[in-house]
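Single-structure report; data block below.
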Amino acid sequence: MPRTRVADEVGGSATADRPHLILVGMMGSGKTTVGRRLAAVLDRPFRDSDELVESRTGHTVREIFEREGEEAFRREEAAVLAASLAEDEPAVVAAAGGTVLRPENRSCMRTRGRVVWLRAPTDVLVARAGAGGHRPLLDGDPGGVLEEMATARGELYRETADLVLDVDALDPDEVVTRILEAIR
Ligand code: S3P
């Protein structure tokens with residue numbers, strides 16, 4: 001598979017109906033790091049769905065998983081994603097790994113922005129994501145969980161993304177450059 005796919009569909013500047021640049025991909029794929037840098041270069045606000053959940057609820061991602069369970073977290077996640085994508089000011093949005101699980105999130109992302117999938121093999125994700133922090137799902141067996149998730153979610157990322165970028169051999173600045181090349 002080529003490193004970038006359907007780059008033409010990502011091309012051009014933000015349009016009124018699809019103003020946002022949205023990064024999707026598994027935990028450890030670099031969405032937040034790359035998203036922050038992209039937002040700085042493009043002079044756009046940066047939004048991270050996990051950070052939005054935490055500021056909206058006053059609880060960490062981990063606390064929400066532990067106290068209320070994954071479904072409650074997914075509800076909050078869908079709400080903040082919809083709210084941030086409804087804004088008209090073009091932003092760079094890092095959509096956490098599980099956002100593709102809900103059809104309404106996938107549809108909203110495709111409708112309101114250009115979507116880039118940062119793709120990496122599981123061994124790279126394990127090394128980058130590690131465990132702990134805001135990733136309670138990785139507490140036990142990060143490698144096994146990430147492998148299962150990659151299988152379960154691969155098609156969802158694929159159907160949501162306008163552009164697939166293989167990031168395993170790229171550092172964050174190179175990823176930013178590749179995305180800028182694709183959107184300009
Ligand atoms: C999750 C990804 C995490 C966080 C939560 C669940 C997932 O965000 O939302 O731990 O299900 O893939 P990142 O993708 O930013 O690590």
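Computation of the quantities below employed the complete heavy-atom set of this structure, encompassing side-chain atoms and omitting hydrogens, waters and symmetry-equivalent molecules. When a ligand or atom number is given, it counts from 1 through the structure's own listing order. As the structure is a computational prediction, the values presented were derived from the model and not from experiment. One-based numbering along the sequence shown.
- For the residue pair H134/R62, the side-chain donor-acceptor check at 3.5 Å is not satisfied.
- Residues S49 and E77 bring no donor and acceptor atom of their side chains to less than 3.5 Å of each other.
- Taking hydrophobic clusters as Ile, Leu, Val, Met, Phe, Trp and Tyr residues chained together by side-chain heavy-atom distances below 4.5 Å, L52 shares a cluster with M27.
- Listed by chain and number, the residues in a side-chain contact (heavy atoms from CB on, under 4.5 Å) with E181 are T177, R178 (sequence neighbours excluded).
- In this structure, L180 and V41 have side chains that are in contact, with non-hydrogen atoms separated by less than 4.5 Å.
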Extract all N/O-N/O pairs under 3.5 Å that connect ligand 1 to the protein, and present each with both atom names and the distance rounded to 0.1 Å.
residue, atom, partner, partner atom, Å
ligand 1, 8 (O), D50, OD2, 2.7
ligand 1, 9 (O), D50, OD1, 2.6
ligand 1, 9 (O), D50, OD2, 3.4
ligand 1, 10 (O), H134, O, 2.7
ligand 1, 11 (O), R74, NH2, 2.7
ligand 1, 11 (O), R153, NH2, 2.8
ligand 1, 12 (O), G98, N, 3.3
ligand 1, 12 (O), R153, NH1, 2.7
ligand 1, 14 (O), K31, NZ, 2.8
ligand 1, 14 (O), G97, N, 2.8
ligand 1, 15 (O), D50, OD2, 3.1
ligand 1, 16 (O), H134, NE2, 3.2
ligand 1, 16 (O), R135, NE, 2.7
ligand 1, 16 (O), R135, NH2, 3.0

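- A heavy-atom distance below 4.5 Å is not found between the side chains of N105 and V100.
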